[in-house]
Participant: 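So that we are looking at the same thing, I have put the structure below in structure tokens.
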Amino acid sequence: MSLHNQNKDSIVKQWLYGTLTQPLIQSILIPDATDVQLWKAIEDLFRDNKEANAIELENQLRNIVIGDSTVMEYYTRIKTISDLLANIGSKVPERTLVTYALNDLSSKFDHIATTIRHKTPFPYPSRDAVHAYN
């Protein structure tokens, strides 16, 4: 490896080590690894955790509650979890997302939830539609 490539390799490794938490560094530390080997170790670690992450995110989605949040905050949390799941290959069907969103709406939104549940074809509200009910 040329001196120039060794310098680039060293810079990339320093950046990777500088952005990782200590426990993560310890789990992927490989003596004398190149930047490519280090990146592959990180990728493998996260790929191995993909199923566990999907299960955790799906549980969060199933158990989400509106609490004191606005409808828009609640919808945004559902959308964020859904996007995270899609990013790891576990896309959630739109119908399921709407069902989760409707399940915990407060009684002041019962008429809207009932209308949506009985509509044919099943509607998929946009952010604008949800924002109108805040």
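We use all heavy atoms of the structure for the numbers below, so side chains are in, but hydrogens, waters and symmetry mates are not.
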Participant: Strictly distance-based, threshold 3.5 Å: is any side-chain N or O of Arg77 a donor or acceptor partner for the main-chain N or O of Leu61?
Facilitator: no
Participant: Who passes side-chain contact (heavy atoms from CB on, under 4.5 Å) against Gln60, sequence neighbours left out?
Facilitator: Glu56, Leu57, Ile81
Participant: Counting only heavy atoms not in Glu51 (residues, nucleotides, ligands), do more than 12 fall under 6.0 Å from its CD?
Facilitator: no
Participant: Glu73 versus Thr70: any side-chain heavy-atom pair under 4.5 Å?
Facilitator: yes
Participant: I'd like to check Leu84 versus Thr80 (side-chain heavy atoms, cut-off strictly below 4.5 Å). Are they in contact?
Facilitator: yes
Participant: Does a side-chain heavy-atom distance below 4.5 Å link Leu38 with Thr34?
Facilitator: no
Participant: The criterion is side-chain contact (heavy atoms from CB on, under 4.5 Å); which residues satisfy it with Gln22, sequence neighbours excluded?
Facilitator: Ile25, Gln26
Participant: Report the distance from atom CG of Asn63 to atom OH of Tyr100, rounding to the nearest 0.5 Å.
Facilitator: 9.0 Å
Participant: Can you tell me how far CD1 of Ile64 sits from OH of Tyr74, rounded to the nearest 0.5 angstrom?
Facilitator: 6.0 Å
Participant: Which residue in the set Val92, Thr99, Leu97 passes side-chain contact (heavy atoms from CB on, under 4.5 Å) when paired with Arg95?
Facilitator: Thr99
Participant: Between atom OG1 of Thr96 and atom CD of Glu58, what is the distance when rounded to the nearest 0.5 Å?
Facilitator: 10.0 Å
Participant: Run the side-chain contact (heavy atoms from CB on, under 4.5 Å) test against Thr19 and tell me which residues pass, sequence neighbours left out.
Facilitator: Trp15
Participant: Rounded to the nearest 0.5 Å, what's the gap from OG1 on Thr76 to CE on Met72? Could you check?
Facilitator: 5.0 Å
Participant: Is the backbone of Ile78 close enough, under 3.5 Å, to the side chain of Ser82 for a donor and an acceptor to pair up by distance?
Facilitator: no
